[in-house]
J.: 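Take this structure first; my questions come after.
Remember, predicted model here, so these are calculated numbers, not experimental data. By convention in this document, chain letters (A, B, ...) are assigned in the order of the sequence lines, proteins followed by strands, and residues within each chain are numbered from 1.
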Amino acid sequence: MAMNYNAKDEVDGGPPCAPGATAKNRRPDNTAFKQQRLPAWQPILTAGTVLPTFFIIGLIFIPIGIGIFVTSNNIREIEIDYTGTDPSSPCNKCLSPNVTPCICTINFTLEQSFEGNVFMYYGLSNFYQNHRRYVKSRDDSQLNGDSGALLNPSKECEPYRRNEDKPIAPCGAIANSMFNDTLELFLVGNESYPTPIPLKKKGIAWWTDKNVKFRNPPGDQSLEERFKGTTNPVNWVKPVYMLDSEPDNNGFINEDFIVWMRTAALPTFRKLYRLIERKSDLHPTLPAGRYYLNITYNYPVHSFDGRKRMILSTISWMGGKNPFLGIAYIAIGSISFLLGVVLLVINHKYRNSSNTADITI
Amino acid sequence: MKGYPWLSDLTHMSPSCRVSHGIAGTLLGEMALCAQKRPPEEERRARANDREYNEKFQYASNCIKTSKYNILTFLPVNLFEQFQEVANTYFLFLLILQLIPQVSSLSWFTTIVPLVLVLAITAVKDATDDYFRHKSDNQVNNRQSQVLINGSLQQEQWMNVCVGDIIKLENNQFVAADLLLLCSSEPHGLCYIETAELDGETNMKVRQAIPVTSELGDISRLAKFDGEVVCEPPNNKLDKFSGTLYWKESKFPLSNQNMLLRGCVLRNTEWCFGLVVFAGPDTKLMQNSGRTKFKRTSIDRLMNTLVLWIFGFLVCMGVILAIGNAIWEHEVGTRFQVYLPWDEAVNSAFFSGFLSFWSYIIILNTVVPISLYVSVEVIRLGHSYFINWDKKMFCAKKRTPAEARTTTLNEELGQVEYVFSDKTGTLTQNIMVFSKCSISGHSYGDVFDVLGHKAELGERPEPVDFSFNPLADKKFLFWDSTLLEAVKMGDPHTHEFFRLLSLCHTVMSEEKNEGELYYKAQSPDEGALVTAARNFGFVFRSRTPKTITVHEMGTAVTYQLLAILDFNNIRKRMSVIVRNPEGRIRLYCKGADTLLLDRLHPSTPELLSTTTDHLNLLGATAIEDKLQQGVPETIALLTLANIKIWVLTGDKQETAVNIGYSCKMLTDDMTEVFVVTGHTVLEVREELRKAREKMMDASHSVGNGFTCQERRSSAKLTSVLEAVAGEYALVINGHSLAHALEADMELEFLETACACKAVICCRVTPLQKAQVVELVKKHKKAVTLAIGDGANDVSMIKTAHIGVGISGQEGIQAVLASDYSFSQFKFLQRLLLVHGRWSYLRMCKFLCYFFYKNFAFTMVHFWFGFFCGFSAQTVYDQYFITLYNIVYTSLPVLAMGVFDQDVPEQRSMEYPKLYEPGQLNLLFNKRQFFICIARGIYTSVLMFFIPYGVFAEATRDDGTQLADYQSFAVTVATSLVIVVSVQIGLDTGYWTAINHFFIWGSLAVYFAILFAMHSNGLFDMFPNQFRFVGNAQNTLAQPTVWLTITLTTVVCIMPVVAFRFLKLSLKPDLSDTVRYTQLVRKKQKAQHRCLRRVGRTSSRRSGYAFSHQEGFGELIMSGKNMRLSSLALASFATRSSSNWIESLRRKKSDSASSPCSAADKPLKE
């Protein structure tokens, strides 16, 4: 017979359960915890709690949904695809890589005026900014101004880590593929020649990105000096310190660059390009009328069936146009309410039949 | 601690768990080195007082080492052991995969953190265990013993004792090694030992030195002793030893009778000397310290299957996504290379797909997290503590709490269908009282009142006065004075009868003061018989190996003891051969009636007609063994819980049947009690067939509606088999059982037996007990529990799924072999109906939720795969993936797994039907598993597609893009944590403060860690590790994000609530109803309406419930159309008026018209 030998038993001079062998008090403590009598709340799904919950959810969700829906519908938004795949499109000529620089113009009309601040976006489709290899292909130390990482970027940046024996700044596939079309907007007014719409390029990135996450390499010298020893990404024409003329929007803290570097979650996305600030309360920011969009077409997307769009949109407390959320809230609210009714009916029916059952039993 | 248990080898899971208390200290300086590893011995030679001679054999020293590690070897050895676990190796494999840059889809720390955590916890536990083993080893090794060295006694530590040394033992000392007894302080070289440590028997045993050495009384002679022992090599047989002593050119045979084994304690002997034959690891005690077989629960096995399936599923998903990746890379990826070139190593879409398979294996592995196994162990440990702590299972009289000796079986306690119980000591108290005897045809012991009528219990006259006998035991009571008169008259039959009782036994006597005798008996019935003889004037006074001294009616008579044939379970009798002072040699034999009757002289009734080959009958004894308290109630309750109880006993049939009646297993209500006593295969088969036929006939007649209305309605509700099962019982004899257990009949037997409500097997051997359990275990696929208290129950306890030991009168062998132990049979109802039921419920709820939460968590990656080019990009931040299972969602579900209760404990006793879901395995089975998985996948779909729908084209309230990857990740993660927290809230049925703390705490910790991880400070230190800087505050400030989270939560939870509510109102479980009743009762406490209805329903229902062996629960279940509230009222009404158990008890005692008192009367001759 196999036994569990335990030298401790031998030491203690007795097996654990030898009757009367131990003098110490082995009575278990009479505490609520040990006796599993802790005071507890024991909820139960009763008609009294479940049905009201469903009704309340319905009653809350439907108004919210309607609110969101109405707000969303009040938002003005216009989207212009300028990829140029359609032969009739003015930008069609730009699909050929030979035409450089290629500038195309697209006319459009705003039926209604856009009031308040108007936001200008570029949208890309079929562009996989969320691909694993793409997402990791950056060096945040370098972008944060770390001088070590500036000259010796992370391996994650491969194959855009070094070019011609010089470290690339900013390194990696994300930076390399930065969107570089230039979009300009003109109002074709009653006057003979069109008015350019002022586009503000600052204030389009998160404050934390601009001030914490992205920093230029430290130093008092000129930006060019501070980036000395590095080279620009392969696809870039200009080096990073020449992205903008203003020093607080140049280098790594260029906001167009920052916006691009905040990679999109989905292959179809829009990114904020410019702000059109409202001028006064009396005049709409973008009055109804004819406009044209001037595009310096640099960014090739045709090769992988990508699409490019320009979007103008106003905004509300909940952001831009978002029909999904409103409809979803209305739908779920209604379903919840309906479920409540159905459950109530079932509940009621059973109460009746069971009452009679109770009597006959 | 954990493991992928489809590999059967889980040796490091310790089957029993001892609570270790923290003691500060180090392992330093404990590197006692014990000799190890020698070639196997053929025979052993040891010469006394000759260390040089003995050294050349290199026998093991007396140093024992139960510890596994020392301070240097701990880390490598422990890690090596841990990585023999498939689980750990698997995670190591994942870790290595993650180090391959092309494959790595997750940072290495997402795997290493949980892995290191698990390894560390296990290592700490192992280290603590080993520390205590070191400590106890040290303590044992450093004990002092007196060794005879160079002619003088010297103090030596145990570990320095060598084979061949002669050591001196004193009274109450532990024996240091296996010794050959040389001489002792007692005459004839006798000494007494207690072997409780070794075999659990607490009585004393005698050992005797061989005559030649017993003379060596003093040290100088012992020092010159140079005998050589040649004996068998070390083995684990405790009761066998064979060897030879060579001394002075003579040979002396040695047997176990001459040996003192390590672990024994010397008693009643001033001193003795012994020659060390086996030391340290070679001793029989250490040779026996094997591991007990590791038992597994059915949930364990199910879990293994499911985990395997999940792995299959994981591979399938990996393959699907890998194919997707190959197609995507081929169609899109090649052209997207302008912006994202392929890795250098990747030259084809196919190879890219291959790599992405491994990448997906890495990120999807969280469907089976390493924490599952750790959590399961923690929960079981918690349940074990609750069993140990239960004061309602504490026996105040014996000061014994219940003990869960195995921590891995708890939930199986909630699924038991068959209970196999021993009788003596388990159902009865095993306190034997001599109550009747029959001598030469005259029966003594019946109590008569003054008028000569048989007196009933409780109106007994004064007990017999034994004052004539100064040596009488005051506690012995007997009521029939005619027996004493017969003795005093000098009736020779009566004298011979008591002489037998005073001679034929193995009791040891101890006389502390003159006339104060204490008997130490191997079994309580033996003690009872010797005590009876003592009081009737035949006082067993003392014994030596060769003599027995008895005071017969005041005069001391010494008998020469020629032989003892001791009792065992197979012979079932014992005999002594003695020579009385007159020189006549007699054989006295006592034993089981069936066996002795065969050996009696054919002319038995004519007593004392002597022949040579047959025995003569002197008389018969009746010993009463009272039922333990609460046994009938417990059996009734367990029967109502649909647990079938089989009694397996070594007693004779009549006794067993009587006990069956008195503990209400058998009732007069039963249609028939089948008794199978056939001696041949054919007879047994025929008897079984007849029994089955009768049952079938009866059930048909019921089905055809020939019986009363009530029967019919109840028959309709239950299946045919259950209708059959209602009213029958089977009693089978040991010799019939032997036939019934043969391969060609075992199924027939099983079928018949299982159709019966109660089964009693009598006259069974320990082996047969195990066979019966094995039979049920093998063919019924039901969980079996064996409960017993004696050594003869050990095999059954080990065979059954769950073994329960009663720590009672017969030593602790059963307890040592058991998984659970307590001291009263009645605690079984609490162990099963309360602890077992809760454990099962909690474990099932835990598993359901655990699989749910991990599928919900992991499958989001799968859906995201379709939108990220199947690139194995994770949806969440890597820290979230690391912490999800070990921090954000672990504690609430653990708290539920440890503390949850559906109904209060007293309700599980009142409604035994609540136990049924466990037996039918309803709460966690493959179907439930698929439901959990489906819910998890449903949640994951919503978790991905709702944010997808909202975010696709959305912008923030400051105009910037909303759908950036990081914001998306935070939104999905936050809604996931909220959804699974709400879900655990719904699943938790018993919100203690701890549950509140863990659930709210987990949510709080999630947000705290989220903000910390996204803080500027961490980013400034490690920009590449904390890329999500500023994300939490930017994202969670958006109303849209919160609207999305709310929407997701509601959509995920709403169907669950609706479904549960529907089920509750249309098809409530009994536990739901009981719970609801509780609620209603609480609300209506003050209102005393419907009092009139109360009285009427209660009496009728409880009667009904009893007569069909169904609880009130059956009634509830049957009324499927009843709604909760009315039910609640009805049951409220029923139960408030009378205690259910009370009425049951009343009914039981009425129905069993007491042909037997609550007593067990085995007849011994």
J.: Testing the 3.5 Å rule here: is there a donor-acceptor pair between the side chains of A/Thr208 and B/Asn1034?
T.: yes
J.: What distance separates A/Gln42 CD from B/Thr992 OG1, expressed to the nearest 0.5 Å?
T.: 10.5 Å
J.: CE of A/Met318 to OG1 of B/Thr955: how many Å apart, nearest 0.5 Å?
T.: 8.0 Å
J.: Using non-hydrogen atoms only, which part of B/Phe899 is less than 4.5 Å away from chain A: side chain, backbone, both, or neither?
T.: side chain
J.: Considering only heavy atoms, which portion of B/Asn995 lies under 4.5 Å from any heavy atom of chain A: side chain, backbone, both, or neither?
T.: neither
J.: Please classify the contact between A/Asn117 and chain B as side chain, backbone, both or neither, with a heavy-atom cut-off of under 4.5 Å.
T.: neither
J.: Given heavy-atom pairs under 4.5 angstrom as the criterion, report whether the side chain, backbone, both or neither of B/His1014 touches chain A.
T.: neither
J.: Rounded at 0.5 Å granularity, tell me how far NE2 in A/His348 sits from OG in B/Ser1065.
T.: 14.0 Å
J.: Below 4.5 Å from any heavy atom of chain B, which atoms of A/Arg215 appear? Answer side chain, backbone, both or neither.
T.: side chain
J.: With a 4.5 angstrom heavy-atom cut-off, could you sort out which part of A/Glu79 is near chain B: side chain, backbone, both or neither?
T.: side chain
J.: Taking B/Tyr990 for its side chain and A/Leu38 for its backbone only, find out whether a donor-acceptor pair lies under 3.5 Å.
T.: yes
J.: Are A/Tyr160 and B/Tyr339 an aromatic pair, judged by ring center distance below 6.0 Å?
T.: no
J.: Side chain, backbone, both or neither: which part of A/Pro159 has a heavy atom under 4.5 Å from chain B?
T.: side chain
J.: Pick one of side chain, backbone, both or neither for B/Val1057, based on which atoms fall under 4.5 Å of a heavy atom in chain A.
T.: both
J.: Is it the side chain or the backbone of A/Tyr273 that comes within 4.5 Å of chain B heavy atoms, both, or neither?
T.: neither
J.: Given a strict heavy-atom distance threshold of 4.5 Å, which part of B/Val338 is in contact with chain A: side chain, backbone, both, or neither?
T.: both
J.: Which of the residues A/Phe54, A/Trp317, A/Tyr329 is involved in the greatest number of heavy-atom pairs with chain B at under 4.5 angstrom?
T.: A/Tyr329
J.: Indicate yes or no for a side-chain donor-acceptor contact from B/Arg335 to the backbone of A/His302 under 3.5 Å, with no hydrogens or angles considered.
T.: no
J.: Does any backbone or side-chain atom of B/Tyr948 lie under 4.5 Å from a heavy atom of chain A? Answer side chain, backbone, both or neither.
T.: both
J.: Would you mind telling me which of A/Val135, A/Ile64, A/Asn126 has the largest number of heavy-atom pairs within less than 4.5 Å of chain B?
T.: A/Val135
J.: So for B/Thr1046, is it side chain, backbone, both, or neither that comes closer than 4.5 Å to the heavy atoms of chain A?
T.: both
J.: Which one, A/Ala264, A/Gly320, A/Gly123, A/Ser177, leads in non-hydrogen pairs under 4.5 Å with chain B?
T.: A/Ala264
J.: Let me know if A/Lys136 has heavy atoms under 4.5 Å from chain B in its side chain, its backbone, both or neither.
T.: both
J.: For A/Lys321, is it the side chain, the backbone, both, or neither that has a heavy atom closer than 4.5 Å to a heavy atom of chain B?
T.: backbone
J.: With chain B, which of A/Phe33, A/Phe119, A/Trp206 has the greatest number of heavy-atom pairs at distances under 4.5 Å?
T.: A/Trp206
J.: Need one label for A/Val212: side chain, backbone, both or neither, based on atoms under 4.5 Å from any heavy atom in chain B.
T.: both
J.: Let me see the working for A/Asp139 and B/Asn1024 under side chain to side chain contact (heavy atoms under 4.5 Å, CB included), right down to the final yes or no.
T.: CA-CA 7 Å; A/Asp139 185 345; B/Asn1024 271 331; 3.0 Å; yes
J.: May I ask you to decide if B/Gln873's main-chain N or O and A/Asn130's side chain share a donor-acceptor pair within less than 3.5 Å?
T.: no
J.: Decide ring pair (Phe, Tyr, Trp, His ring centres under 6.0 Å) for B/Phe870 and A/Tyr128; before the verdict, give the C-alpha distance in whole Å, the side-chain angles of both, and the deciding distance to 0.1 Å.
T.: CA-CA 11 Å; B/Phe870 305 94; A/Tyr128 285 82; 9.2 Å; no
J.: For A/Phe304, is it the side chain, the backbone, both, or neither that has a heavy atom closer than 4.5 Å to a heavy atom of chain B?
T.: both
J.: Can you tell which part of A/Asn235 gets under 4.5 Å to a heavy atom of chain B, answering side chain, backbone, both or neither?
T.: side chain
J.: To the nearest 0.5 angstrom, please state how far the CG atom of B/Asp958 sits from the CH2 atom of A/Trp207.
T.: 14.0 Å
J.: Whether the side chain of A/Gln35 engages the backbone of B/Lys391 through a donor-acceptor N/O pair (distance < 3.5 Å, no angle test) should be reported.
T.: yes
J.: Kindly compute the distance separating CG (A/Leu272) from CG (B/Leu962), expressed to the nearest 0.5 Å.
T.: 12.5 Å
J.: For chain B, which candidate among A/Leu275, A/Val342, A/Asp305 shows the most heavy-atom pairs at distances under 4.5 Å?
T.: A/Asp305
J.: Examine whether an atom of A/Pro300 lies under 4.5 Å from a heavy atom of chain B, and if so say whether it belongs to the side chain, the backbone or both; otherwise answer neither.
T.: both
J.: Are the side chain of A/Arg132 and the backbone of B/Ser104 linked by a donor-acceptor contact shorter than 3.5 Å?
T.: yes
J.: Nearest 0.5 Å, what's the CZ-CD1 distance between B/Phe1061 and A/Ile44?
T.: 10.5 Å
J.: Given that the side chain runs from C-beta out, which part of A/Leu143 has a heavy atom under 4.5 Å from chain B: side chain, backbone, both or neither?
T.: neither
J.: Is A/Ile68 close to chain B through its backbone or its side chain, or both, or neither, when contacts mean heavy atoms under 4.5 Å?
T.: side chain
J.: For B/Phe336 and A/Tyr134, take the angle between the two ring planes, folded into 0 to 90°, and tell me which bin it lands in: parallel under 30, tilted 30 to 60, perpendicular over 60.
T.: tilted
J.: Less than 4.5 Å to any heavy atom of chain B: does that hold for the side chain of A/Thr46, its backbone, both, or neither?
T.: both
